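All values derive from a computational prediction rather than experimental measurement. Reminder, nothing fancy here: chain letters follow the sequence lines and each chain counts from 1.
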Amino acid sequence: MVAFTINGQHQELDIEPETPLLWVIRDELGLTGTKFGCGIAQCGACTVHVDGQAVRSCSLQVGDADGKTITTIEGLSPDGTHPVQQAWLAEDVPQCGYCQSGQIMAAVAFLNEHPDPSDADINDELTNICRCGTYARIRAAIHRAAAIAKDAGGTP
Amino acid sequence: MTTMDASKAGAMSRRQFLVVSLSAAGGLAIGLSLPDLAEAEPILPEPWSEATGDEINAWILIEPDDTVVIRVAQSEMGEGVFTALPMIVAEELACDWEKVRPEYASANRNLRENNVYGRMLTGGSSAVRRSREFLQQAGASARERLIHAAAERWGVPADACTAKDSVVTHAESGRSLRYGELAADAAKVKLASEPAIKTADQYTLIGQPKARLDTPPKLNGTAQFGIDTRLPDMLYAAVVTCPVFGGSLKSYDAKAIEGRRGVKSVVPIPGGVAVVADRFWRAKEAVAALPVTWDEGPAASTDSAQFAEAYRTALNGPAAIARKQGDVMKALADGKRVEALYEVPHLAHAPMEPLNCTAHVQPDRVDVWIGTQYPEAALDLAAKAAGVAPEKVELHNCFLGGGFGRRAVNDELTQAVLVSKAVGKPVKLVWTREEDMRHDRYRPQAAIRFEAALGPDGTPKGLRVRTAVGSIERSLGWGSADKGVEPSAVEGLANQPYEMGAIEVDCVLKNTHVPVMFWRSVGSSQNAFAMEGFVDELAYAAGQDPYQFRRKLLAGKDDFLRVLDTIAEKSDWGKPMPAGKGRGIAIHESFGTIVGEVVEVAVSPKGEVRVERVVAAVDCGHVVNPRTVEMQIESGVVYGLSAALFGEITIDKGAVVQGNFDDYQVVRLADMPWIETHLALSGGSKWGGIGEPGTPPIAPAVCNAIFAATGKRIRRLPIKDFDLSGERS
């Protein structure tokens, strides 16, 4: 048995502990907002938060998530109004949209560490792939999200 | 909130599901009914007949609350058709844009109703230009019928009524009715004649920047891609196919994976085998553990170096003429001779969403959930694999997690249908990234040879171009390649725009066992690299500035000059740059659209290339949604930049070497240049495509900039394979 909390709900699962967390999230729990892109932690489409840290869930065994707290895109905000989601909407970031759950989750964790990031910080730390090439808008949206959060008096 | 129990969803109607889905998504979401359908799963006898509103025509359905559902017959893969095509309908419909909801048109209905939606194929940057007129007509016709319905109810002449923002008004009496109140009557109105559609100068919505309608569900995890399909009682399949294209399955030992948790069965498929399990991960692990032997066939001894040599050699053999103008051999006999050979490798598409398909084969119907660029062909593929008539197939198109041409031929669909048929249950079949990369249908490898002669003043007197390239049509079994020339092989060469004196362009179509196919701008992407690189070489050979040289050879072509002058001006062309930096220019017309790009690069003494800035200008004639145009140019640039800098699929022992994003690198944030896009529109009768034309100029513009920075001319992609180290002065 593996037990963890995901998007505020406690889960206990009878599952092989070596199963990647990604497939538990998608196929056991039906949270399909988290995407499969590469399976080797290269692209970041599967990014979720484990105890607040951005993790590429395709490469974390679910056994290692035992007792942890997990947040997926579905649990980021109750109404889709997290500052990063607001910024993504304002900057018209998504095209095909497939990688964007992972991009958003990576950006949220990044902004928690860098509330006022430079472009160099963004380039250094955010390595998620987008084949539609929305990077310029992602960069602009991250700066916008930082500003939204600052205006609201908190961190993103 | 998307964790809805699939069995419960099955008990709901689609309408109920939509309501739940919308309220769960809160104020942000705009319901997109087909992607919802993918998760909601209701396998209904008529999945498209349950909407409660009144259908005005096949494209438009208006609900009592004034929601306007507009059917989209093209596939949303990021290029923005779920916004641009409804804008065209709404332009004429005079409806409230805030109440528009796009949904996919039914491929099955298109088949049953004599192509009511036209060609359901998204490719060739054709969505707007091929459907604009009939979408405008559908909107105009619906508007007139709504007006007639109101006029009839009031007993007034129709021409005394006007429609605006989803309301019909009779000004004289001050009466008005909402579209939602009129839709039922309007559906019965027969017009004596169809109304005329607006001309470009009358547009009020087309041309306005509009936010994409598909953005909200793409921000909260609710957008439904094919891979997100969930059905009651669904099984999962993972596949392995022969690493050498054209090889076949010799044997496998199913006993070796017997008793593994969740594993249900092993099903042979064309060229390989599928393992079916109750979870994808279990299927994937089991297929990896399955002992399989292959008959790899005669191609198992081939490699990319052999192919490169074969294409170069083919340039000396017989070729078919694509364009001939004047006596090129005579022209080449005099003047300053310039020659060059350009080469490009195979490329994978690598969309973010690996190929996948969910199929449910039942005795008298087949349901397929997939993201496809070509629904009408997918219908036929499913019918063929299941052994039923195409009318028995319901195709549920989903959002595509990238397409770029790959999702126009759905190999994954045939596999899923065969496996579902074999196990008698719904099956979601998913390719691993490695399967996706090693069983793509690739952009062709090519060798392109140029010969030119310059007169004493640097004016070209003759140009001879020969390309040896894989035939896409032959690879797809389309057959017309027998003529020796096909459009994608010579696009961007045969129609090159420069005044070159005598011209001869010919073509050698040569295929290997590697399947080749369309790839974002395909022939234009490889030929623009070669052509615009060579034109740059001619400019230097003539001792002229590359921008001014192009300008001279494009004299009289105002649309090209407008684009060229725009990028030169906006990029500060000619302004000196520091050592180690350079500017490059390229211009190319594809899919009816001209795009020019100026690139600034920095090359370090170690040889690292950094693309710092891209200034693009585009002439697509008219613009539906300027935001989409800007996004597509950015997207096309990045896609082409990945290919130029890193893209290379190589073959060893007949099989693809690269398997994932670790050895098939693509542009990431750190590689991302500043991009600015300028419109340089010629208007008139021109309507060009936008999904692809941003891609072709980027590779040559980058390589031309590298030449300006280093004096090193790159004639073979990708750039990463070149040593560009050295001190600059």
Less than 4.5 Å to any heavy atom of chain A: does that hold for the side chain of [X], its backbone, both, or neither?
X        : value
B:Met672 : both
B:Leu400 : backbone
B:Lys428 : side chain
B:Ser642 : side chain
B:Val637 : neither

Tell me which of these, [options], has more heavy-atom pairs under 4.5 Å with chain A than the rest.
options                     : answer
B:Met234, B:Glu79, B:Arg282 : B:Arg282
B:Glu634, B:Met631, B:Met77 : B:Met631
B:Gly80, B:Gly659, B:Pro354 : B:Pro354

May I ask you to check whether [Y] and [X] place their ring centres under 6.0 Å from each other?
X        : Y        : value
B:Phe399 : B:Phe82  : yes
A:Phe36  : A:Trp23  : yes
B:Trp369 : B:Phe225 : no

Check: A:Gly33 main-chain N/O paired with A:Ser101 side-chain donor or acceptor under 3.5 Å: yes
Kindly say whether B:Gly226 contributes a backbone atom to a donor-acceptor pair with the side chain of B:Thr229 at under 3.5 angstrom?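 Present.
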Contact between A:Val55 and A:Thr47 at the side-chain level, heavy atoms closer than 4.5 Å - yes or no?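 Answer no - side chains too far apart.
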Does any backbone or side-chain atom of [X] lie under 4.5 Å from a heavy atom of chain B? Answer side chain, backbone, both or neither.
X        : value
A:Thr134 : neither
A:Val24  : neither
A:Ile129 : both
A:Arg137 : side chain
A:Glu16  : both
A:Ile138 : side chain
A:Ile25  : neither

Cation-pi check, B:Arg279 to B:Tyr236: give yes when NZ or CZ is under 6.0 Å from the six-membered ring centre and within 45° of the ring axis, no otherwise.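 Relative to the ring axis of B:Tyr236, which defines the angle, B:Arg279 lies outside at least one limit.
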Heavy-atom pairs under 4.5 Å with chain B - which of A:Leu126, A:Thr19, A:Asn7 has more of them than the others?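 Looking at each of A:Leu126, A:Thr19, A:Asn7 in turn, A:Thr19 comes out on top.
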Among the listed options A:Gln42, A:Lys35, A:Glu28, the residue most often paired with chain B at heavy-atom distances under 4.5 Å: A:Gln42
Any side-chain donor paired with an acceptor under 3.5 Å for [X] and [Y]?
X        : Y        : value
B:Asn660 : B:Glu434 : yes
B:Ser525 : B:Arg443 : yes
A:Arg56  : A:Asn128 : yes

In terms of side-chain geometry, is the basic nitrogen of B:Arg261 or B:Asp278 positioned less than 4.0 Å from the acidic oxygen of its partner? no
